[in-house]
Amino acid sequence: MALLHISGIQKRFGGLLAVNGAGMDVADGELLGLIGPNGSGKTTLLNVLSGHLAADAGEVQLDGRSVLGLNPTQLTRLGVLRMFQMTRVFNRVSAYDNLIVCGLAMGLDEAAASRRALELLDELKLNHVMHLDAGQLSGGQKKLLEFGACFMAPPRIALLDEPFAAVHPVMKETMSEFIRRRNQSGQTFILVSHDMPVVVDLCARSVCMNAGRVLADGPTQQVLREPAVIEAYLGEQEQEEQNHA
Ligand code: ADP
Ligand code: MG
C-alpha cells in the first residue's frame with residue numbers, strides 16, 4: 001500500500017482549475033520530485049495535501065485512511081508536514097532553544113529534545129551559531145534552522161515547496177545533503193523544485209504537472225525526456241520571453 005495515495009484532485013479558483021484531476025502514489029521512504037512549469041498547480045496541490053486548501057474533488061489517503069478535509073493541525077499530528085509553513089523562528093531566543101521549544105511542542109522530553117537539537121545543529125552546520133539569538137542569523141541560516149525545527153520529530157511525509165529558492169549555493173548544498181541523508185534513513189518527501197540538477201540528483205522518480213494535470217510520472221531522467229514535458233517547459237520559456245519583450 002502507498003504511504004500517500006492521491007487521486008482525482010481538483011481545485012478551482014473562480015474560473016481557473018488550478019489542479020485538474022491530478023493523482024499519484026507516494027511509497028513509504030520515497031523522495032518524489034514534483035516538477036512542472038510555473039502555474040502548473042504544484043503549490044496548490046501541496047496546499048491541498050497539507051490541509052491549507054480544501055479540494056473541490058478527489059481523494060487523499062494516508063496509510064489507506066482518507067485524510068482529505070482535515071485541517072493543517074490534524075494533518076501535522078498525523079505526520080503530514082508542509083515545510084516553511086512554520087516560519088516562526090523566535091528571534092530573541094537562541095538557535096538551540098528554538099529547536100528545543102519545537103521539540104517539546106512536538107512531545108519530546110527534555111533529554112531527547114536536547115539530543116536531537118545537537119544532532120540537527122551539527123548536520124545543518126549551525127553549531128557555531130547555536131547560542132546566538134536566532135534574530136542574529138543570516139536569512140539562509142534561519143531557513144536551515146526552520147528546516148531543523150521541522151525534523152525535531154520526523155514527520156511521516158515532508159512536503160517541501162521550492163526549499164532552495166533564493167538560498168546561497170553553500171546552504172543549498174547543506175540543505176540538499178540533509179534531504180538526501182534523511183531520505184537514506186527512511187524519511188519520505190515530496191520535493192517541489194525548479195532546480196533540475198538537484199531534482200535529478202536527489203529524486204529517483206518524478207511527477208511532472210502541467211495545467212493542473214499529471215503529464216508524466218516515472219524515473220526522473222525518463223520524465224525529463226518525454227516530449228510532452230519538454231513541450232510544457234518550452235511553453236513556459238516562450239511565456240517568459242513574451243513577458244520580457
Ligand atoms: P505552481 O506552484 O506550479 O507554480 P500554483 O499552484 O501556485 O502553481 O498555481 C496554479 C494556478 O493557480 C496558477 O495559475 C495560479 O495563478 C493560480 N492560483 C494559485 N493560487 C491562487 C489563489 N489563491 N487564487 C487564485 N488563483 C490562484
Ligand atoms: Mg509554486
Side-chain angles (χ1 to χ4, degrees), residues 1-50 52-62 68 80 82-84 157-167 172 176 179-180 183 188-245:
M1 195 205 320
L3 173 63
L4 198 66
H5 169 73
I6 306 162
S7 65
I9 298 295
Q10 281 200 7
K11 178 64 195 174
R12 182 183 289 281
F13 294 116
L16 174 80
L17 262 173
V19 180
N20 186 11
M24 64 203 67
D25 281 356
V26 187
D28 197 7
E30 199 168 19
L31 167 43
L32 177 72
L34 182 57
I35 61 173
N38 259 322
S40 54
K42 307 178 296 294
T43 295
T44 304
L45 180 62
L46 287 199
N47 279 329
V48 165
L49 298 180
S50 63
H52 291 90
L53 280 176
D56 296 312
E59 182 54 33
V60 180
Q61 290 172 2
L62 180 71
L68 197 68
V80 180
R82 164 132 192 223
M83 219 147 312
F84 302 139
I157 180 163
L159 312 174
L160 313 186
D161 196 0
E162 306 277 5
F164 311 114
V167 170
K172 184 174 122 181
S176 61
I179 294 169
R180 188 202 310 280
N183 177 246
T188 312
F189 290 92
I190 299 180
L191 170 65
V192 172
S193 180
H194 249 82
D195 192 322
M196 288 310 152
V198 176
V199 174
V200 168
D201 187 36
L202 288 178
C203 306
R205 174 183 157 224
S206 289
V207 167
C208 180
M209 287 180 69
N210 190 38
R213 296 173 187 272
V214 170
L215 262 191
D217 178 344
T220 301
Q221 295 279 12
Q222 206 168 304
V223 163
L224 290 176
R225 279 197 295 266
E226 293 223 4
V229 171
I230 295 169
E231 209 172 296
Y233 276 100
L234 286 177
E236 178 186 48
Q237 208 175 327
E238 274 167 22
Q239 193 65 47
E240 274 166 16
E241 278 160 17
Q242 276 171 20
N243 293 344
H244 288 294

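The figures that follow rest on heavy atoms only: side chains count, while hydrogens, waters and symmetry mates do not.
- No side-chain heavy atom of F13 sits less than 4.5 Å from a side-chain heavy atom of V19.
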Inset, instruction - Start with the C-alpha gap between H194 and E162, add the side-chain angles, then the distance that decides, and say whether side chain to side chain donor-acceptor pair (under 3.5 Å) holds. - result: CA-CA 7 Å; H194 249 82; E162 306 277 5; 3.1 Å; yes
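- Panel note: side chain K42, backbone P37; a donor-acceptor pair is recorded below 3.5 Å.
- Annotation for E231: atom CD does not count as buried by contact number, only 12 or fewer foreign heavy atoms lying within 6.0 Å.
- Contact detail for N183 and G29: the closest heavy-atom pair is ND2-O, 2.9 Å.
- Rounding to the nearest 0.5 Å places CG of L17 at 4.0 Å from CZ of R12.
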Legend entry - Step-by-step side chain to side chain contact (heavy atoms under 4.5 Å, CB included) determination, F189 to L160: CA-CA 7 Å; F189 290 92; L160 313 186; 3.8 Å; yes
Legend entry - V200 vs Q221, side chain to side chain contact (heavy atoms under 4.5 Å, CB included): CA-CA, chis, key distance, verdict: CA-CA 7 Å; V200 168; Q221 295 279 12; 3.4 Å; yes
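- Counting heavy atoms of neighbouring residues, nucleotides and ligands inside a 6.0 Å radius, atom CZ of R205 exceeds 12 of them.
- Ion pair D161/R82 flagged as a salt bridge, since at least one NZ, NE, NH1 or NH2 atom sits closer than 4.0 Å to an Asp/Glu carboxylate oxygen.
- Residues L224 and I35 are in side-chain contact: their nearest non-hydrogen atoms beyond the backbone lie under 4.5 Å apart.
- N38 is listed as a side-chain neighbour of E240, based on a closest heavy-atom distance under 4.5 Å.
- Atom CZ of R213 sits about 8.5 Å away from atom CD of Q10, to the nearest 0.5 Å.
- When all heavy atoms of G36 and C208 are compared, the closest pair comes out as CA-SG, 3.9 Å.
- The side-chain heavy atoms of N210 and E236, taken from C-beta on, include no pair separated by under 4.5 Å.
- Looking only at side-chain heavy atoms (C-beta outward), R180 and D201 come within less than 4.5 Å of each other.
- Minimum heavy-atom separation, I6 to D25: N-OD1, 4.0 Å.
- At least one donor-acceptor pair closer than 3.5 Å links the side chain of E30 to the backbone N or O of A27.
- In this structure the side chain of L191 never reaches within 4.5 angstrom of the side chain of L34, judged on heavy atoms.
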Inset, instruction - Please lay out, stage by stage, how V199 and S206 fare under the test side chain to side chain contact (heavy atoms under 4.5 Å, CB included). - result: CA-CA 8 Å; V199 174; S206 289; 3.5 Å; yes
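- Interatomic distance, CG of L45 versus CD1 of I190, reported as 7.0 Å (0.5 Å rounding).
- Shortest non-hydrogen contact noted between V48 and A55 is CG1-CB, 3.8 Å.
- L159 places a side-chain heavy atom less than 4.5 Å from the side chain of I157.
- Closest approach of F164 to S193, counting heavy atoms only: CD1-OG, 3.8 Å.
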Inset, instruction - Determine, stepwise, if the pair M24 / L32 fulfils side chain to side chain contact (heavy atoms under 4.5 Å, CB included). - result: CA-CA 10 Å; M24 64 203 67; L32 177 72; 3.9 Å; yes
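- You'll find the side chain of E238 stays beyond 4.5 Å of the side chain of Y233, heavy atoms only.
- In terms of heavy-atom proximity, A211 sits nearest to N20 at O-CB, 4.1 Å.
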